[in-house]
Amino acid sequence: MAREKIVVAGGTTKSWKLLLGLRIFAFMATLAAAIVMSLNKETKTLVVATIGTLPIKATLTAKFQHTPAFVFFVIANVMVSFHNLLMIVLQIFSRKLEYKGLRLLSIAILDMLNATLVSAAANAAVFVAELGKNGNKHAKWNKVCDRFATYCDHGAGALIAAFAGVILMLLVSSVSISRLLTNSKHLSTTATTTAAV
């Protein structure tokens, strides 16, 4: 007797477990990126000028709120984390519900949109981080990371977590699309079998 695959929520139990695991890791990566970047702050007292032999000092603070790209980065990662958390809860507590047609399609589209959102946020933050690390000689923008090393190191950690989240969200999106295709093949096979009877 041939063993049939159990279809759960638009796919096999294997794809269901894979998707759940990928969502959990994507949730953790994007949440870690948002938390690390939102807590990223460093204050230093620097010499800004010298009058004769007397140094003039100023206390400067580097915060993520000072850069719109970093603010976008935090908001986007929080939104993607919330999306993944909501999908995890729905996936765990509504296993008995059948996801067909429009529901499965809307989940796949939301996954793609969130992968795009976190990718855009990570790339915007990398652009600003590159300016902070190397400056821009043509625009006369000085480096920041030589003075605020801890701030830049924490930002780099947040970027690594965000890019891990991008990769995981792309995988989640791929699995969602494959479940959508599997569901449509399953429905067409069922319809053909029913029509033949």
Side-chain angles (χ1 to χ4, degrees), residues 9-11 14-42 62-95 99 101-134 136 144-145 148-183:
K14 184 178 178 183
S15 72
W16 185 88
K17 289 177 183 177
L18 176 66
L19 187 61
L20 182 63
L22 287 172
R23 281 197 194 282
I24 290 170
F25 284 124
F27 168 72
M28 291 190 303
T30 54
L31 186 64
I35 289 171
V36 170
M37 186 63 84
S38 64
L39 297 177
N40 197 8
K41 178 181 173 182
E42 184 178 5
K63 295 189 226 179
F64 87 97
Q65 295 101 324
H66 295 161
T67 309
F70 290 160
V71 173
F72 171 54
F73 178 85
V74 170
I75 292 169
N77 276 288
V78 167
M79 288 174 64
V80 173
S81 296
F82 180 72
H83 165 76
N84 279 317
L85 181 63
L86 184 63
M87 290 289 114
I88 289 166
V89 168
L90 285 175
Q91 193 170 347
I92 290 172
F93 293 112
S94 64
R95 273 186 82 172
Y99 289 98
L102 191 58
R103 284 186 192 164
L104 208 53
L105 178 64
S106 63
I107 290 171
I109 289 171
L110 284 172
D111 287 339
M112 285 187 283
L113 288 174
N114 280 295
T116 305
L117 179 64
V118 75
S119 175
N123 285 306
V126 162
F127 172 74
V128 172
E130 169 66 21
L131 282 176
K133 183 175 181 179
N134 298 322
N136 187 332
V144 175
C145 289
F148 295 98
T150 304
Y151 176 77
C152 289
D153 290 342
H154 289 174
L159 288 171
I160 290 169
F163 277 108
V166 169
I167 292 168
L168 289 164
M169 282 307 298
L170 289 172
L171 291 172
V172 164
S173 190
S174 299
V175 172
S176 291
I177 291 169
S178 73
R179 290 178 70 195
L180 182 63
L181 295 173
T182 303
N183 191 42

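Everything numeric here is computed off the predicted structure, so don't read it as measured data. Side chains included, hydrogens not; waters and symmetry mates left out as well; all remaining heavy atoms used.
- One distance of note links OG1 of Thr30 with CG of Leu85; it measures 10.0 Å at 0.5 Å rounding.
- To the nearest 0.5 Å, atom CD1 of residue Ile167 and atom CG of residue Leu171 are 8.0 Å apart.
- Of the possible donor and acceptor atoms, none in the side chain of Tyr151 sits under 3.5 Å from a partner among the backbone N and O of Cys145.
- Sparse packing is recorded around CE of Met79, with 12 or fewer heavy atoms of other residues, nucleotides or ligands lying under 6.0 Å away.
- For the atom pair Leu131 CG and Asn136 CG, the distance stands at 6.0 Å (nearest 0.5 Å).
- Although no hydrogens or angles enter the test, the distance criterion places a donor-acceptor pair under 3.5 Å between the side chain of Ser176 and the main chain of Val172.
- Atom CG of Asn40 is separated from atom CD1 of Ile35 by 13.5 Å, given to the nearest 0.5 angstrom.
- The main-chain N or O of Thr116 is never found under 3.5 Å from a side-chain atom of Ser119 such that the two would form a donor-acceptor pair.
- With a 4.5 Å cut-off on side-chain heavy atoms, Asn114 and Val118 do not count as touching.
- Counting only heavy atoms from C-beta outward, the side chains of Phe72 and Leu117 approach each other to under 4.5 Å.
- In this structure, Leu20 and Gln91 approach most closely via the heavy-atom pair N-NE2, 3.5 Å.
- When atom types are taken as modelled, the side chain of Asn77 and the backbone of Phe73 share a donor-acceptor pair closer than 3.5 angstrom.
- Between the Thr67 side chain and the Phe64 main chain, no donor and acceptor come within less than 3.5 Å of each other.
- Shown here for Ser173 and Ala108, the closest heavy-atom pair between the two residues is OG-O, 4.4 Å.
- Separation of atoms CG (Asp111) and CE (Met87) is listed at 7.0 Å; rounding is to 0.5 Å.
- To the nearest 0.5 Å, atoms CG (Leu18) and OG (Ser178) are separated by 8.0 Å.
- Across all their heavy atoms, Ala69 and Ala124 have their closest contact at CB-O, 3.8 Å.
- For Phe25, the CZ atom sits in a loose shell: 12 or fewer heavy atoms of surrounding residues, nucleotides or ligands are nearer than 6.0 Å.
- Among all heavy-atom pairs drawn from Leu31 and Ser81, the shortest one is N-OG, 3.0 Å.
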task = Determine, step by step, whether Arg23 and His83 satisfy the side-chain contact (heavy atoms from CB on, under 4.5 Å) criterion, reporting the C-alpha distance in whole Å, the side-chain angles of both residues, the deciding distance to 0.1 Å, and the verdict.
result = CA-CA 9 Å; Arg23 281 197 194 282; His83 165 76; 3.8 Å; yes
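- Side-chain atoms of Trp16 and Val175, non-hydrogen and from C-beta on, never get closer than 4.5 Å to each other.
- Heavy atoms only, all atoms of each residue included: His66 and Pro68 are closest at O-CD, 4.0 Å.
- Looking at heavy atoms from C-beta onward, Asn84 lies in side-chain contact with Met169 at the 4.5 angstrom threshold.
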